[in-house]
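Remarks on the structure that follows.
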Amino acid sequence: GQNIDQPTEMTATEGAIVQINCTYQTSGFNGLFWYQQHAGEAPTFLSYNVLDGLEEKGRFSSFLSRSKGYSYLLLKELQMKDSASYLCAVRDLMNRDDKIIFGKGTRLHILP
Amino acid sequence: EPEVTQTPSHQVTQMGQEVILRCVPISNHLYFYWYRQILGQKVEFLVSFYNNEISEKSEIFDDQFSVERPDGSNFTLKIRSTKLEDSAMYFCASSAPGPATGELFFGEGSRLTVL
């Protein structure tokens, strides 16, 4: 089975940096995604990690440690529009096919 | 930019009725998915579909549910005899094959309300 844990809610200040952690347990790990979801909208892709290390994309970075079953999403220079839920998702390769399973999401509140 | 489209955006139905949710995936994608999100809860995997057959399904996806790709563009989710607890946002997603990330591209969702 799969288990994905991330904090339920976090609060940060506009202009600051925030790190959202995710731990996972899966039988056939084949990559980790971070998605952003604004209330009432569809998830949108932010990042993908399959090898250990840091992937940087503008203000957002994502880190993966496969041996620790751990990832984080780092958001810099926070803006009010970054207020959203951030979903950690793991691709679990089972048998011949894989599926992408989502965690419960971390709701990020940005304060002015 | 190509996108996944879903219809209807919102459907209200009576308990026990059948519902069909429609999706048009991105044209060169080969993997198709249905997810659901009950209000305030997480995005839950329902089913994945590849090469005209189900490749994976979750325990949620029981005999009440079925998927079909009736032609070259549409991908449908049928819910038979809807229950109150089926009320949720249903997201269709597609992804491309090959060495790419396999990133899921989501549609805007179909909100189902069962009364």
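Naming: A, B, ... by sequence-line order, numbering from 1 per chain.
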Check your understanding: Which is it for B:Val43 and A:Lys104 under the side-chain contact (heavy atoms from CB on, under 4.5 Å) test, yes or no, and what are the steps along the way?
Key -> CA-CA 7 Å; B:Val43 176; A:Lys104 293 183 179 179; over 6 Å; no
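- Counting heavy atoms from C-beta outward, B:Glu103 and A:Phe45 have side chains that approach closer than 4.5 Å.
- Nearest heavy-atom pair, B:Glu108 versus A:Ala42, reported as atom, atom and distance to 0.1 Å: CA-CB, 4.2 Å.
- Looking at B:Glu44, there are no atoms closer than 4.5 Å to chain A (heavy atoms on both sides), in backbone or side chain.
- The environment of CG in B:Asp63 is sparse: at most 12 heavy-atom neighbours from other residues, nucleotides or ligands sit within 6.0 Å.
- Annotation: A:Glu77, atom CD; neighbour count of heavy atoms from other residues, nucleotides and ligands within 6.0 Å does not exceed 12.
- Interatomic distance, CZ of B:Phe45 versus CG of A:Asp92, reported as 10.0 Å (0.5 Å rounding).
- B:Trp34 and B:Ile20 are not part of a single hydrophobic cluster, where members link through side-chain heavy atoms under 4.5 Å apart.
- Atom NZ of A:Lys99 sits about 13.5 Å away from atom CG of B:Leu104, to the nearest 0.5 Å.
- Note that OG of B:Ser58 is 7.5 Å distant from CD1 of A:Ile101, once rounded to the nearest 0.5 Å.
- Going from atom CD of A:Gln37 over to atom NZ of B:Lys42 covers 13.5 Å, rounded to the nearest 0.5 Å.
- Other residues, nucleotides and ligands place more than 12 heavy atoms under 6.0 Å from the CZ atom of B:Arg69.
- By the 6.0 Å contact criterion, CG on B:Leu84 is enclosed, its count of non-hydrogen atoms from other residues, nucleotides or ligands being greater than 12.
- A:Leu87 and A:Leu108 fall within a single hydrophobic cluster, where Ile, Leu, Val, Met, Phe, Trp and Tyr are joined by side-chain heavy atoms under 4.5 Å apart, directly or via other members.
- By the 6.0 Å contact criterion, NZ on A:Lys57 is enclosed, its count of non-hydrogen atoms from other residues, nucleotides or ligands being greater than 12.
- Counting heavy atoms from C-beta on, the side chains of B:Phe91 and A:Pro43 come closer than 4.5 Å.
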